Amino acid sequence: MRWSHTWIPTLREDPQDADVPSQKLMIRAGLIRKLAAGTFTYLPLGLRALRNAERIVREEMDRAGALEMLMPVLQPADLWKESGRFDGFGDLMCKFTDRNGHVNVLGPTHEEVVTHHVRSEITSYRQLPVTLYQIQTKFRDEIRPRFGVIRSREFLMKDGYSFDVSWEGLNKSYQAMYDAYQRIFSRAGLKFCIVEADSGLMGGDVSHEFMALAEIGEDVLVRCDKCGYGANREKAESRTPEKRWDIVHAPTFVPLQEVETPNVTTVDAVAKFLGIPPLRLVKTLIYKVKGEPVAVLVRGDHEANPTKLAHHFGTTEIALADAATIEKVTGGAMGFSGPVGLKIKKIADHALTSATNCVTGANKKDTHLINVNLDRDFTVDGFADLRFAMTGDSCPKCEGTLSLSHGIEVGHTFKLGTKYSEGMGAKFLNEKGELHPSIMGCYGIGVNRIVAAAIENSHDKDGILWPPALAPYPVHLVSVNPKDAKVAEASQRLLDQLAAAGLEALWDDRDAQAGVKFKDADLLGLPVRLTLGGRGVEAGTVDLKPRNQPAQRAVRMDDAVGEVKKALAEYAAAFAR
RNA sequence: CAGGCCGUGGCUCAGCCUGGCAGAGCGCCUGGCUUGGGACCAGGAGGUCGCAGGUUCGAAUCCUGCCGGCCUGACCA
């Protein structure tokens, strides 16, 4: 493709409204343009990359035995009311009323639609199992679109749904998708990891998130450096390293004592005021669980994890108590709560098992207690894992150490079970003539996010370094002076040879300064750059520079195709996991 | 949704405080000269200063409202 025949509007400067590297580079390299908040146009070059990502997804889904179909974006709201998710999704859903007064939604996902079709058509165990998928535009009226195409209101998603006659069948279908996902993200050249995700109180027991590792990722994940354990922040278990207490604690119990702490309420402030590390404090959080006040105790430097609380209490009706409730329950002001003398149910995080001589609120305004000890000064109704894991914690599965990293969620798999099939009547007759709901799984991939994450994973100060499978073109030919007939002729000959070998090249045939073209070539980041100028034509050579190498080298024109293939193979090897 | 910031040529931005002919760099067009890492010379096109109202002899500039965008937060103790 000639540069002069396509449309690649590169920008010299960073766009004003972009903040993350992938977004800046996608705009500067002429891949996308923003239309409005959270909506983007893919220009020719960007579309090629997006189509490459899409192709990888499609090939691997097909290989895994999934069947591609295409469902409507436009869906009747009634279906969503039937599943009970119309209100659940709420304002996240784009909706409108049509001329007949019917409420329609623009699909944010397709469980309802696919379940509707399956319940009408698939009524026998003989028709199962089946895994259906589509690659299609989804709409979500995000609270806050950001990071370019990473969180947008309109995006391309691969969504798949499996239907099985049994849980064993679901496990098999799920594993097939799980394996396909690994192949997809490997082929796309992403640095990714798979983490356990919380499946909530509803539905199945297993959920995995496929995370592209990136500093700017919105999701926090916890990983073990030794055994490969990974989980998202809501789900991650951990063990508190015992020795940290031994270091900071006095060896013997010291008498309980009241101290004045005027207007000092937060953990950090109390720690600073008393000149002790935050982990010496015990945070006492008053929650309302199904309307009942409960005290949750966690170490000062730890954070209570609402998801774990929900699991512990077996309800989602959990919220921090308001100031009035806290005063009523503790007898003291907000910010000065403590377990000593507290009458309500108290549960503590495991990390407090060995807590000695710690600091708590006194349930009295402007007062804290020091040298508080479990059993001697207060008791709890139980211990549980109630907090978020943090860097330095011990792995729950082995002796390794956990660390936090950020990730972009590029894929999510979920064992749904019978939530939708039961609720929407997607049932089949088994061989005994009994009616059963299908066992469902669902599987999503953010196709745009694959592209953005790849750039996030692979760029330098000059521009993109495309993973080979996503690169809009494998080869970038820069003709230094294309007005020179000899150069133009040699360039065309080279392009023909490359094409004959199945290598499509972007040919920068612009009448521009060489420097301009080199800068643009670095920005676009195609895997292999060839440079041809007057002196090369004279010598019968062309200069070859892989995007990930600092220097170029001259190769004979006759050997160019072979050298390009070799360079592409080496380049690809650098992206192999 | 709440808080903060920002809307001036295609892009990045200055001008606004202290009202008085709408600017710069890049990009674009024409010609010249150049062509191996964002050259140079000459000429040129391009802007209802987000929208509406108000104050004023006079508003990009001050005031009010609206629209759009960006950032932060939204159980963080």
Side-chain angles (χ1 to χ4, degrees), chain A residues 9-20 23-24 27-28 30 33-39 90-92 141-148 151 218 220 233-234 264-271 278 281-289 295-310 316-323 326 330 333-338 360-361 387-388 390 462-463 478-484 487 508-523 529-539 541-543 545 550-552 554:
Chain A
T10 58
L11 259 30
R12 187 184 294 224
E13 289 165 290
D14 281 337
Q16 183 264 141
D17 57 4
D19 47 335
V20 297
Q23 187 184 10
K24 288 178 183 172
I27 294 170
R28 283 191 54 207
R33 284 293 182 268
K34 187 175 79 172
L35 177 65
T39 60
D91 290 336
L92 194 61
D141 192 2
E142 291 284 350
I143 292 175
R144 190 172 149 207
R146 59 178 131 183
F147 301 145
R151 182 169 296 280
E218 293 182 276
V220 177
R233 193 156 179 265
E234 282 67 42
V264 183
T265 58
T266 66
V267 165
D268 283 343
V270 173
L281 274 74
V282 172
K283 263 195 277 203
T284 305
L285 307 164
I286 311 299
Y287 277 86
K288 270 195 157 174
V289 179
V296 172
L297 309 182
V298 298
R299 209 173 75 182
D301 59 329
H302 288 159
E303 285 180 53
N305 180 336
T307 305
K308 288 182 179 174
L309 291 175
T316 52
E317 276 182 64
I318 292 182
L320 275 172
D322 54 50
I326 289 171
T330 68
M334 192 173 181
F336 298 98
S337 302
T360 74
R387 67 178 179 92
F388 283 110
M390 56 190 272
D462 295 315
V478 173
S479 295
V480 171
N481 188 355
K483 281 205 298 198
D484 180 331
V487 171
D508 194 341
D509 62 337
R510 292 176 297 174
D511 180 23
Q513 295 272 131
V516 172
K517 298 186 185 188
F518 291 144
K519 288 289 182 191
D520 274 345
D522 289 342
L523 180 59
R529 187 184 87 191
L530 295 173
T531 305
L532 191 52
R535 70 186 193 208
V537 172
E538 289 301 318
T541 62
V542 59
D543 292 317
K545 179 183 176 302
Q552 59 182 5

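Every chain is numbered from 1 and lettered A, B, ... according to where its sequence line falls, protein lines coming before strand lines. It should be emphasised that the depicted structure is a prediction, and the values quoted were computed from it without experimental measurement.
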Contacts of A:A554 meeting side chain to side chain contact (heavy atoms under 4.5 Å, CB included) (sequence neighbours excluded), chain-then-number -> A:T541, A:D543

From the candidates B:rA77, B:rG36, B:rG69, the one with an atom nearest any side-chain atom of A:K283 is B:rA77

Closest to the 5' end of RNA chain B, once A:A304 and A:G533 are matched to their nearest nucleotides, is A:G533

Taking a pair to mean Watson-Crick or G-U wobble geometry with both distances below 3.5 Å, B:rC5 pairs with B:rG69

B:rC75 OP1/OP2 closer than 4.0 Å to side-chain N/O of A:K288:
no

Salt bridge (charged side-chain N to carboxylate O under 4.0 Å, His left out) filter on A:D141, not counting sequence neighbours, yields A:R153

A:Y287 atom OH is separated from B:rA77 atom P, nearest whole Å, by 12 Å

By salt bridge (charged side-chain N to carboxylate O under 4.0 Å, His left out), A:D17 pairs with (sequence neighbours left out) A:K34

As its Watson-Crick or G-U partner within any shown strand, both distances under 3.5 Å, B:rA45 has none

So CG of A:L532 and CG of A:N481: to nearest 0.5 Å the spacing works out to 11.0 Å

If pairing means Watson-Crick or G-U wobble with both distances under 3.5 Å, then the partner of B:rC26 is B:rG10

Side chain of A:R28, backbone of A:D14: donor and acceptor closer than 3.5 Å?
no

Rounded to whole Å, CD of A:E142 lies from P of B:rC70 at a distance of 13 Å

Taking for A:R12 and for A:G335 the nucleotide of RNA chain B with the nearest heavy atom, the one nearer the 5' end belongs to A:R12

Checking B:rA77, B:rG38, B:rG69 against the side chain of A:E303 (C-beta onward), the nearest is B:rA77

For A:R151, the salt bridge (charged side-chain N to carboxylate O under 4.0 Å, His left out) test, sequence neighbours excluded, returns A:E142, A:E218

Q: Using the C1' atom on both, measure B:rC11 against B:rG46 and round to a whole Å.
A: 14 Å

Sorted by chain and residue number, the salt bridge (charged side-chain N to carboxylate O under 4.0 Å, His left out) partners of A:R12 (sequence neighbours excluded) come out as none

The side chain to side chain donor-acceptor pair (under 3.5 Å) partners of A:K308 (sequence neighbours excluded) come to A:D385

Pairwise P distance, B:rG25 and B:rA42 [rounded to whole Å]: 12 Å

Taking the C1' atom of each, how far is B:rU18 from B:rA24, in whole Å? 23 Å

Sorted by chain and number, sequence neighbours left out, side chain to side chain donor-acceptor pair (under 3.5 Å) with A:D91 holds for none

note: A:K519, atom NZ; B:rG36, atom P; distance rounded to Å ~ 14 Å

**OP:** Would you mind classifying the nucleic acid contact of A:R510 as base, sugar-phosphate or nothing, using non-hydrogen atoms under 4.0 angstrom?
**Re:** nothing

- prompt: P atom, B:rG47 versus B:rU35: distance in rounded Å?
  reply: 36 Å

The side chain to side chain contact (heavy atoms under 4.5 Å, CB included) partner of A:T531 among A:K545, A:K517, A:Q552 is A:Q552

Testing B:rG69, B:rC11, B:rG38 for proximity to the side chain of A:L11, the answer is B:rC11

Taking A:K483 for its side chain and A:D511 for its backbone only, find out whether a donor-acceptor pair lies under 3.5 Å. no

A:R299 CZ to B:rA77 P, in whole Å, measures 18 Å

If pairing means Watson-Crick or G-U wobble with both distances under 3.5 Å, then the partner of B:rG20 is B:rC57

Do any N or O atoms of the protein come closer than 3.5 Å to N or O atoms of nucleotides 12-15 of chain B, and which pairs are they?
unit_1: B:rU12; atom_1: OP1; unit_2: A:Q16; atom_2: N; d: 2.7
unit_1: B:rU12; atom_1: O4'; unit_2: A:E13; atom_2: OE1; d: 3.4
unit_1: B:rU12; atom_1: O2'; unit_2: A:E13; atom_2: OE2; d: 3.3

Between protein and nucleic acid, restricted to nucleotides 28-35 of chain B and to nitrogen or oxygen atoms under 3.5 Å apart, what atom pairs and distances do you find?
unit_1: B:rU34; atom_1: O2; unit_2: A:Q513; atom_2: OE1; d: 3.2
unit_1: B:rU35; atom_1: O2; unit_2: A:A512; atom_2: O; d: 3.2

From CG of A:N305 across to C1' of B:rC75 the rounded distance in Å is 11 Å

Applying side chain to side chain donor-acceptor pair (under 3.5 Å) to A:D509 and not counting sequence neighbours gives A:R2, A:S4

Partner of B:rA74 under the Watson-Crick or G-U wobble criteria, both distances under 3.5 Å, comes out as none

Separation of B:rA77 atom P from A:D268 atom CG, nearest Å, is 8 Å

Across all chains, not counting sequence neighbours, the side chain to side chain contact (heavy atoms under 4.5 Å, CB included) partners of A:V267 are A:P278, A:L281, A:K283

To the nearest angstrom, the CG-P distance between A:L309 and B:rC76 comes to 13 Å

If we take the P atom in both B:rC6 and B:rA14, what is their distance in whole Å?
10 Å

Anything under 3.5 Å between a protein N or O and an N or O of nucleotides 72-74 of chain B, put it in a table, one pair a line.
unit_1: B:rU72; atom_1: OP2; unit_2: A:R144; atom_2: NH2; d: 2.3

| said: Need one value for A:R529: base, sugar-phosphate or nothing, where a base atom within 4.0 Å counts as base even if backbone is also close, heavy atoms only. | reply: base

Here the distance between atom P of B:rC76 and atom NE2 of A:H302, to the nearest Å, is 19 Å

**OP:** Write down the distance separating the P atoms in B:rA52 and B:rA59, rounded off to the nearest Å.
**Re:** 14 Å

Provide the distance between the two C1' atoms, one in B:rC33 and one in B:rG58, to the nearest whole Å. 48 Å

Smallest heavy-atom separation, A:V480 atom then A:A514 atom, equals CG1-CB, 4.2 Å

Margin query: By the 4.0 Å heavy-atom rule, please label A:T531 as base, sugar-phosphate, or nothing.
Written below: base

Measuring only the P atom in each nucleotide, how far is B:rG23 from B:rG15? A whole number of Å is fine.
16 Å

